[in-house]
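So the structure is just underneath, and the comments pick up after that.
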Amino acid sequence: LCRFDEHGVEYLPGYPARSHWVNERLRIVHGHLVASGGSTAHKYLGTEKTSVIYGHIHRHELAYRTREDHDGAKTIMAASPGCLARTDGAVPSTKGGIDLDGRPVVRHEDWQQGLAVVEFEPGDGRFVYEPIVIHDGWARWRGKIYSAGERAA
């Protein structure tokens with residue numbers, strides 16, 4: 001249905017329990033923790049030993065923590081890039097609903113659209129997390145402007 005093979009996308013079964021290690025310092029998970037006010041990132045920082053990118057909450061979050069380790073200080077990151085879903089109630093949520101004709105009731109969630117690009121070195125290498133915020137169908141990344149329904153400017 002999604003034609004992953006044609007687009008070079010590898011499907012990883014096991015959702016939502018499956019995780020993917022980008023390298024030894026960074027893991028990607030669907031996520032299960034939820035807190036309000038930007039606190040979900042801090043929950044992950046309190047439980048993870050490596051940096052983690054998580055979803056589930058559909059919001060932008062980014063936080064860092066530095067801890068003392070047996071061989072010195074270690075800084076980890078927890079981040080949620082947001083979502084690519086509609087944020088106007090069309091996607092089912094705990095606050096959403098449908099009318100008698102089966103149409104979604106407009107309800108704006110505390111969700112933000114976005115994605116991220118990660119550049120990384122293999123093994124125990126470094127990585128860079130670049131959030132890309134989408135607001136009103138518009139985003140800027142590395143000097144280029146992207147707009148819904150249009151090609152890069």
Side-chain angles (χ1 to χ4, degrees), residues 1-65 75-120 122 126-153:
L1 180 65
C2 294
R3 301 184 348 225
F4 287 155
D5 292 341
E6 292 178 30
H7 301 288
V9 174
E10 178 188 359
Y11 174 71
L12 300 174
Y15 167 86
R18 177 82 182 239
S19 66
H20 173 74
W21 287 92
V22 173
N23 66 11
E24 294 173 19
R25 296 181 184 204
L26 178 62
R27 185 166 69 113
I28 299 174
V29 301
H30 173 263
H32 65 279
L33 300 175
V34 177
S36 61
S39 300
T40 303
H42 294 284
K43 282 188 169 210
Y44 279 101
L45 290 174
T47 61
E48 296 289 328
K49 294 183 180 186
T50 61
S51 294
V52 62
I53 298 171
Y54 57 93
H56 188 66
I57 65 165
H58 301 195
R59 290 190 301 267
H60 295 286
E61 290 189 1
L62 176 61
Y64 293 86
R65 174 172 279 166
T75 300
I76 63 171
M77 167 210 83
S80 171
C83 68
L84 295 175
R86 290 175 52 175
T87 60
D88 61 358
V91 174
S93 69
T94 58
K95 297 177 186 173
I98 56 172
D99 66 17
L100 294 175
D101 294 319
R103 295 180 302 241
V105 175
V106 174
R107 168 66 187 206
H108 294 276
E109 298 285 349
D110 184 15
W111 296 353
Q112 298 88 44
Q113 291 180 322
L115 59 141
V117 172
V118 176
E119 292 185 31
F120 67 95
R126 297 170 289 200
F127 69 89
V128 175
Y129 173 85
E130 279 185 86
I132 302 171
V133 175
I134 301 170
H135 184 71
D136 292 334
W138 183 93
R140 179 190 301 265
W141 181 61
R142 295 185 179 177
K144 291 185 180 179
I145 295 173
Y146 297 86
S147 184
E150 299 176 14
R151 293 190 178 265

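- Using a 4.5 Å heavy-atom cutoff, the side chains of H56 and V34 are in contact.
- Among the candidates V22, L62, L26, the single residue satisfying the side chain to side chain contact (heavy atoms under 4.5 Å, CB included) test with Y129 is L62.
- Between F4 and Y11, the ring planes lie parallel to each other; the angle is under 30°, not in the 30° to 60° tilted range.
- For the residue pair A139 and I132, the shortest heavy atom distance occurs at CB-CG2, 4.0 Å.
- Separation of atoms CD1 (I134) and CZ (R140) is listed at 14.5 Å; rounding is to 0.5 Å.
- Heavy atoms only, all atoms of each residue included: A78 and A41 are closest at CB-O, 3.5 Å.
- Residue H135 places its NE2 atom among 12 or fewer non-hydrogen atoms of other residues, nucleotides or ligands, all under 6.0 Å distant.
- Residue Y54 is tested with E61, E48, K43 for a side chain to side chain donor-acceptor pair (under 3.5 Å); the sole match is E61.
- You'll find the side chain of S80 stays beyond 4.5 Å of the side chain of Y44, heavy atoms only.
- Atom OG of S51 and atom CD1 of I28 lie 11.5 Å apart (nearest 0.5 Å).
- Within 6.0 Å of atom CZ in R126, 12 or fewer heavy atoms from other residues, nucleotides or ligands are found, so the atom counts as exposed in its surroundings.
- Q113 contributes a side-chain N or O that, together with a main-chain N or O of A85, makes up a donor-acceptor pair within less than 3.5 Å.
- Remark: side-chain polar atoms of D99 are paired, donor with acceptor, to backbone N or O of D101 under 3.5 angstrom.
- Using a distance-only test at 3.5 Å, with no hydrogens or angles considered, no donor-acceptor pair links the side chain of H60 to the main chain of C83.
- Listed here is the closest heavy atom pair of R86 and V91: O-CG2, 3.6 Å.
- Within the model, atoms NE2 of H32 and CD1 of I57 stand 12.5 Å from one another, a figure rounded to the nearest 0.5 Å.
- In this structure, N23 contributes its side chain and R25 its backbone to a donor-acceptor pair below 3.5 Å.
- R59 is listed as a side-chain neighbour of T40, based on a closest heavy-atom distance under 4.5 Å.
- Side-chain contact between V9 and R3 is absent, with no heavy-atom pair separated by less than 4.5 Å.
- Taking CZ of F127 as the start and CD1 of I53 as the end, the distance is 7.0 Å to the nearest 0.5 Å.
- Interatomic distance, NE2 of H58 versus CG of L84, reported as 10.0 Å (0.5 Å rounding).
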